[in-house]
Each structure stands twice: as structure tokens, then as C-alpha cells.
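What follows is a set of notes on a single structure, which appears directly below.
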There are 4 protein chains.
Amino acid sequence: MAAPRRVGAESSSTRTQILEATEQVMVEEGYAAASTRRVAARAGLKPSLVHYYFPTTDDLLIAVYRRSAEWASGELAKALADPQPLKALWSYTMHTTRTALMLEFMAMATHRKALQAAMAEHAGETHRLQLEVIEQALGDRARDIPADVLATLIAGIGRALVMESGLGISTGHIRAREWFEGWLDGLTAKS
Amino acid sequence: MAAPRRVGAESSSTRTQILEATEQVMVEEGYAAASTRRVAARAGLKPSLVHYYFPTTDDLLIAVYRRSAEWASGELAKALADPQPLKALWSYTMHTTRTALMLEFMAMATHRKALQAAMAEHAGETHRLQLEVIEQALGDRARDIPADVLATLIAGIGRALVMESGLGISTGHIRAREWFEGWLDGLTAKS
Amino acid sequence: MAAPRRVGAESSSTRTQILEATEQVMVEEGYAAASTRRVAARAGLKPSLVHYYFPTTDDLLIAVYRRSAEWASGELAKALADPQPLKALWSYTMHTTRTALMLEFMAMATHRKALQAAMAEHAGETHRLQLEVIEQALGDRARDIPADVLATLIAGIGRALVMESGLGISTGHIRAREWFEGWLDGLTAKS
Amino acid sequence: MAAPRRVGAESSSTRTQILEATEQVMVEEGYAAASTRRVAARAGLKPSLVHYYFPTTDDLLIAVYRRSAEWASGELAKALADPQPLKALWSYTMHTTRTALMLEFMAMATHRKALQAAMAEHAGETHRLQLEVIEQALGDRARDIPADVLATLIAGIGRALVMESGLGISTGHIRAREWFEGWLDGLTAKS
DNA sequence: GATGAATGAGAATTCATTCAT
DNA sequence: AATGAATGAATTCTCATTCAT
């Protein structure tokens with residue numbers, strides 16, 4: 001009794017190939033390059049096959065986003081179980097290809113309504129998980145900074161570092177990263 | 001370092017119209033929408049005229065970037081002369097349309113070599129000015145945080161706030177902004 | 001005169017479903033919309049299943065045509081047995097969805113050789129039946145108008161009325177219909 | 001001082017070429033064949049050029065329709081001035097390619113909203129002109145049949161004859177035509 | 001009986017760019 | 001300074017059809 005199939009079953013390896021190729025193209029060439037043709041070329045498939053699995057480009061992009069969002073939820077769950085949750089959260093934030101991918105999705109959301117909707121769906125969950133991780137990390141030392149503020153700082157600075165390194169900008173990059181990591185350490189170390 | 005091709009005079013009002021239309025399209029519809037056709041439509045001009053002023057799309061985008069970079073330099077110079085340089089720098093960073101435009105340029109740079117080069121040219125100057133502003137602001141109180149680190153933090157958090165508000169995300173947005181502004185105030189207030 | 005390829009049995013209910021879905025699509029969206037995909041979607045079936053029953057699109061269209069032609073023959077036979085054959089013939093002609101379907105087939109025949117052949121096959125029989133009905137109706141009063149001429153008039157005016165009402169044109173529509181019906185009555189009433 | 005130009009000026013011979021090629025394709029291969037590619041091929045032009053003159057397919061089809069509608073108005077005006085207005089109207093109705101083209105437009109209107117709107121615009125004018133011609137023809141002999149009814153009969157029977165001859169159906173065709181023409185003659189001859 | 005996978009062709013657009021005027 | 005004409009490339013999507021299971 002095989003798993004129920006819809007067009008392009010989750011289990012299909014071709015489907016996965018397409019999703020991975022799309023991620024690569026988006027990260028390396030920018031979201032505007034994520035066309036059927038280029039994705040197909042990157043995956044070594046015919047363009048029509050991409051449309052067979054993902055009738056519209058929105059379908060494809062949403063599938064890529066969802067896959068990434070699921071991965072993110074998994075990583076955040078791991079961070080929650082980590083003995084050093086804040087360090088784990090930070091290292092998750094600095095996962096360059098994932099963050100680069102998310103930056104592309106954010107840039108794309110401006111003009112892709114369907115994608116924006118899909119992103120809104122997940123944003124809440126991700127945010128909740130991040131807060132949990134932070135609260136878990138700060139425990140009763142959460143005097144100096146509220147959890148939601150810290151979440152924004154971590155995301156913002158993480159994204160800035162990833163973005164700048166992607167652009168080849170390195171001025172003060174390493175120092176900024178080290179300083180912020182030190183500051184984060186200080187937060188949990190405070191007696 | 002070839003001079004940018006320029007057919008129309010800098011002073012031409014048509015030229016300015018085109019540049020402004022491009023900025024609008026980029027901010028409202030994303031960089032991928034900044035085609036000569038759409039820019040022309042937005043400016044109420046014929047597509048050929050856009051090409052008359054800016055032979056290639058790269059020429060157009062670079063001109064838009066330069067214009068924005070010059071504006072940025074001016075603003076930073078003003079911040080330097082401001083009695084409260086850090087506040088001025090922050091308010092410049094939070095200038096939403098400018099920052100949104102810069103985010104588009106950053107996203108675009110991935111696949112536009114010529115643009116990336118133009119951006120590298122200016123990045124140094126902008127960074128230098130930012131550092132000057134910060135050093136001016138901190139004066140001899142620059143113990144807690146190095147100027148270049150602070151520059152990265154301000155840029156990163158500012159961009160994150162602009163980006164998220166552009167996406168309609170508001171969770172903890174205002175609180176994060178207020179907290180960070182308080183923290184910035186603290187930096188200069190420290191005796 | 002090869003037999004039409006038929007994989008699914010005539011009696012199959014799935015087959016009937018497909019034929020009915022095709023008719024609906026043709027009448028509502030025009031013959032150009034009668035693709036296997038859309039037909040399948042309308043019938044709530046997979047596209048491959050449509051091809052299982054009707055290997056080629058021509059096979060499908062011909063089957064739909066034949067089904068409609070058989071229905072027409074049946075209706076004409078009933079008209080022949082009707083106490084008022086001319087009235088019955090007219091009301092058959094004004095059966096809007098059937099006539100609309102026939103109009104689509106006529107429009108389609110231009111560029112579908114196989115269909116044109118199938119239509120030619122039936123046209124003779126239908127015409128003969130119509131003539132019989134008309135002769136039966138006129139009896140020995142067939143002085144004023146030859147049967148074949150009347151057949152053309154009825155078909156032409158009937159189709160015009162159906163077509164125009166389909167286009168939402170109503171100028172003089174009801175008056176024309178009433179006038180023509182009165183004229184038809186006059187034909188049989190003449191002593 | 002050249003005539004004011006818009007994209008693809010009316011005067012352009014290329015534009016006319018495209019319009020004529022479209023008419024030909026529509027009449028010979030049916031409306032569904034009126035694609036950019038085929039029209040271009042028929043006109044001996046590149047497909048892109050068709051899009052240069054007619055950005056969308058609707059634009060093209062509407063232009064073809066308007067051209068035909070203008071021609072129709074001209075013909076009807078001529079019929080009005082003709083010593084035998086009814087004969088002129090009938091011969092206009094039996095202009096096979098024009099009527100075949102109109103039949104294609106009617107078939108197409110089902111699923112082309114923009115076209116339907118354009119057709120509605122002209123339908124009123126054409127109808128009015130037809131009525132004028134008929135009234136002019138009947139004069140004070142308009143006892144037997146109202147003008148709008150006659151208009152519908154003429155259009156319906158004319159279209160039926162054109163359609164059937166297009167399909168190669170000839171049963172009773174010539175006799176029907178002669179009979180109807182005789183009947184029309186009778187209308188105006190009545191003392 | 002039924003269906004998932006795959007593919008090549010064609011369709012409608014959009015676009016950057018060149019050229020002649 | 002401006003613009004109409006033309007074109008080749010790329011993109012998204014739809015379709016009929018074949019094949020293996």
C-alpha cells in the first residue's frame with residue numbers, strides 16, 4: 001500500500017532534485033534567476049518536467065519555502081534541546097545558505113502575493129520557536145533585554161553579516177561578529 | 001574604471017524623471033521589475049527614450065545607485081555636523097525608502113557584476129563617513145564598543161526593521177526599535 | 001472508413017462522464033477549450049484517463065459528435081411520430097445546448113479533417129430525416145415552399161436565434177422568433 | 001506635420017499586413033489558429049513584430065474586428081444609397097469571407113471578454129444601419145413583416161448559407177438561396 | 001482499468017538592444 | 001533630443017501524446 005500520491009509526490013526524487021536546484025539557483029544567482037529553464041538546466045532536467053511537478057512558478061517557490069521552513073523548525077527544536085540554546089540559535093542564524101535563501105525569499109515577497117501568504121503562515125511559528133529558545137536560554141536572567149527584542153537583534157545582525165559577506169564586504173565583519181558573540185555570551189553568563 | 005556612459009546631460013529633467021521612476025519601481029515592485037519598459041511606463045515616457053539616456057540597463061541601475069550614494073554621503077555629512085550625530089545616523093538608517101532601495105541593490109548585486117563594482121566603489125566612502133559619525137558621537141566614551149562594530153549593528157538592525165515592516169511583520173517590531181534606540185542613547189549618555 | 005478506436009466499453013459510466021464533460025466545456029468555453037486536460041478537470045478525472053478512453057483528441061471529439069448525432073436522430077424520429085411534426089422539428093431546432101454544441105462543431109470542422117469526415121457521414125441522414133418530417137408536416141400543402149428550402153430556413157433561423165441569445169444580443173430576438181413561428185403555423189394551417 | 005502616431009500607426013503597411021494575415025488565418029483555419037506565430041508566418045513577419053504592433057492577442061483581434069466593422073458600416077451606407085437597397089443588403093450578407101469572419105468572431109466571443117465588449121460596441125450601429133436599409137427598401141409596403149424581424153431572417157439565413165457552403169454541404173443550398181431571394185423580391189415588388 | 005512520469009511543441013508575453021530617422 | 005521599427009532571447013504556461021507499471 002503505497003503512500004497516497006499527488007502530482008509530484010513528496011517522495012519523488014525528481015521532485016527533490018528540482019527543489020534543491022531551485023535553492024541553489026536562488027542563492028547563487030538571485031531569486032530573479034529562478035526560472036523554470038534555469039532550474040531545469042541546473043537539475044539536468046527538461047523544463048517541462050519542472051512544470052509537471054510544479055504547475056506554476058508560485059507552486060515551485062512555495063514548495064521550496066516550505067521545505068526550508070520545515071528545516072528551520074527542526075533546527076530550532078534542536079536548539080531548544082541544546083545545552084547552550086543561545087549559541088545554537090546564533091549558529092542556526094549564521095547558517096549562510098539558509099539565511100541567504102531566506103533573504104531571497106524576503107526580497108521576492110514584495111511582488112509575489114502567494115509567496116507572501118505562505119511566508120506569513122510560517123512566520124508565526126518560527127517566531128514562537130525563536131522566543132522559546134531565547135527564554136529557555138535567558139531563564140531568570142531576562143532582566144536586561146526582552147526576548148522579542150533579542151530575537152530581532154539576532155535575526156537582524158545575523159542577516160546583515162550573511163548579506164555583507166555575500167557581497168564581499170568584510171570591513172569590520174569579523175570584529176562585529178566576535179563582539180556580538182561576546183555580548184551574547186555575556187547575557188547568559190550574567191550571574 | 002571606465003566612466004559611466006552618459007548621453008543625456010546630468011542636468012536634464014528627463015534624466016531625473018527616469019531615475020526617480022526607476023527608484024519607485026524598484027522599491028514598490030522589487031528590482032526584478034526594474035526593466036526599461038516598466039520604468040518608461042512609470043515615468044510616462046517611451047522605452048526608447050530610457051535607452052537614449054541610459055544605453056544599457058546596467059548604466060541605468062548604476063546611475064540610480066550613484067544618485068542614491070551621493071544622497072547618502074550628503075546625509076552622513078549632515079549627521080557629522082549634527083549636535084547629536086548618533087541620533088542623526090540612526091534616523092538616516094531608518095529612512096525607509098532609501099534603505100529599502102539599498103536592500104534591492106544588495107539583492108540585485110548577486111547577479112550584476114557591473115553594479116557590484118559600482119557599489120564597491122562607494123561602499124568604502126560610505127563606511128568611512130559612518131565611522132567618522134560614530135567616532136564623533138562616542139568621543140572618548142568609545143570604551144564599550146568599537147566604532148566599526150557599532151556601524152555594523154546599526155546598519156544590520158536598521159535594515160532588519162525596515163525589511164520586516166516592508167513585509168508587514170510587526171511582531172516585537174516597535175519594542176525592538178525602542179529598546180535599541182534606548183541602548184544607543186545609553187552609549188552617548190555614559191559619563 | 002475505419003471504426004473509431006475505442007478502448008473503454010460504450011457502456012462505461014466513466015466514458016459517459018468524459019463525453020458529458022466535453023460537451024459542457026465546448027458549450028461553455030468554446031471548442032478551443034476542449035482539451036483533454038480541461039475535460040479531465042471538469043469531469044474530476046486524471047488527464048491520462050481521458051486518453052485511456054480516447055487515445056487522440058479527434059477520437060474524443062468524434063465520439064461526442066456521434067453521441068449528439070444519435071440523440072438528434074432519435075429526436076427527429078420522435079418528431080416524425082408527433083401529431084404536429086413541424087412544431088416538434090422547430091422545438092428540436094431551438095434546443096439551445098444541442099444547437100450551441102452543433103455550432104461549435106461547425107466552427108471546429110474548419111481545421112479538423114477527421115471531424116469533418118465524421119460530420120459528413122451523419123449530415124446526410126439527419127437531412128433526410130428532417131425532410132421526412134417536413135414532408136409529413138406539409139402533406140399536400142407543399143405548394144408554397146419546397147421541403148429542402150424549408151429545412152434550410154428552419155435550421156438557419158434557429159441557429160441564428162440560438163447564437164444571438166448566446167451572445168446576449170436580444171434586439172428583435174423575441175419578435176423574430178414569434179413572427180417565424182407564426183409563419184410556420186401558417187404553412188400547415190393553409191387549407 | 002505627420003499624422004499623430006501611436007504604436008503601430010493606422011497608416012503603417014506592416015500593421016495592415018498583420019491585420020490581413022489574421023483575417024485569412026481566421027477564415028481558413030478557424031479562430032483558434034489565430035496565434036501570433038501563425039499570423040506572423042502567414043504575413044511573412046517575425047512573431048515579435050506582431051507583438052510590437054499588437055501587444056496582446058486581444059488587441060490584435062479587436063483591431064481586426066474593428067476594421068471589419070468599419071468596412072461593414074461602409075457597405076451598409078452604400079446599400080442605403082443603392083436603388084435596390086434590399087438586394088444590396090442581401091449581397092452584403094452573402095459576402096462569404098466577411099460573413100465567415102464574423103462567424104469566427106461570434107464563436108470566439110464566448111471566451112474573449114474584451115472582444116465581446118468591442119463587438120457589443122459596434123453591434124448597435126450595424127443593427128441600426130441594417131434597419132434603415134430595410135425600412136428604406138420596404139417603404140410603405142412594410143405590412144407583412146416588421147423590419148427587425150426581416151433583419152434577423154436575412155442575417156440568419158445568410159449565415160446559414162455561408163456556413164454550410166464552408167462545410168461543403170450543398171444539399172438544397174442553391175434552391176434555398178434562390179427561393180429566399182425570390183421571396184425577398186416579392187416583398188418589395190408587392191404593389 | 002487506471003495512472004504517474006516524461007517530453008516536445010506551441011502559445012502569449014516581456015525584454016534589452018540596435019538602428020535609422 | 002527623441003522616437004518608431006524591428007528582432008532574438010527568455011519566460012511562463014498549456015497541451016497532446018507516449019510509455020511503463
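What you are looking at is a predicted structure, and each value in this text was computed from that prediction instead of being measured. Protein chains get the first letters and strands the later ones, always in sequence-line order, with residue 1 at the start of each.
In the interface, the side chain of B:Y52 is paired with the base of F:dA1 through a donor and an acceptor atom under 3.5 Å apart.
The two residues D:I18 and D:F54 have their closest heavy-atom pair at CG2-CE1, 3.7 Å. The two atoms that bring A:V27 and A:T97 nearest to each other are CG2-O, 4.0 Å, heavy atoms only. Of all heavy-atom pairs spanning A:A114 and A:D58, the tightest one is CB-OD2, 3.5 Å. Taking both residues in full, the closest heavy atoms of C:A107 and C:Y31 are given as CB-CE2, 3.6 Å, listed atom of the first, atom of the second, then distance. Residues A:S68 and A:R98 come closest through the heavy atom pair OG-CG, 4.3 Å. Minimum heavy-atom separation, B:L61 to B:T22: CD2-CG2, 4.4 Å.
Contacts of residues 39-51 of chain D with DNA chain F (heavy atom under 4.0 Å): D:K46, D:S48, D:L49. Non-hydrogen atoms lying under 4.0 Å from DNA chain F are contributed by nothing in residues 24-38 of chain D.
Between D:R15 atom CZ and F:dA5 atom P the separation is 10 Å, expressed in whole Å. The distance from atom CZ of B:F54 to atom P of F:dA1 is 13 Å, rounded to the nearest whole Å. Between B:R112 atom CZ and E:dA16 atom P the separation is 8 Å, expressed in whole Å. Taking atom CD1 on C:I18 and atom P on E:dT3, their separation rounds to 10 Å, with Å as the unit.
For the P atoms, the distance linking E:dG1 with F:dA20 amounts to 22 Å, nearest Å.
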task = Any chance you could encode DNA chain E as dot-bracket? Rule is Watson-Crick or G-U wobble with both distances under 3.5 Å; [ ] for pairs crossing earlier ones, | for another strand.
result = .||||||||||||||||||||
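Checking A:T57 against C:D58, the closest nucleotide of DNA chain F that is more toward the 5' end is the one next to A:T57.
Proximity of the aromatic rings of C:H122 and C:F105 is defined here by a centroid distance below 6.0 angstrom, and this criterion is not met.
For the pair B:L115/B:M108, a side-chain contact is recorded, criterion being any heavy-atom separation below 4.5 Å from C-beta on. Side-chain contact between A:L103 and B:M163 is present, with heavy atoms from C-beta onward closer than 4.5 Å.
Note on C:E20 versus C:R67: salt bridge recorded, some NZ/NE/NH1/NH2 to OD/OE distance being below 4.0 Å. Ionic pairing of C:E29 and C:R42 is present here: one or more N-O contacts between side-chain nitrogen and carboxylate oxygen are shorter than 4.0 angstrom.
In this structure, D:Y53 reaches the F:dA6 phosphate: one of its side-chain N or O atoms is under 4.0 Å from OP1 or OP2.
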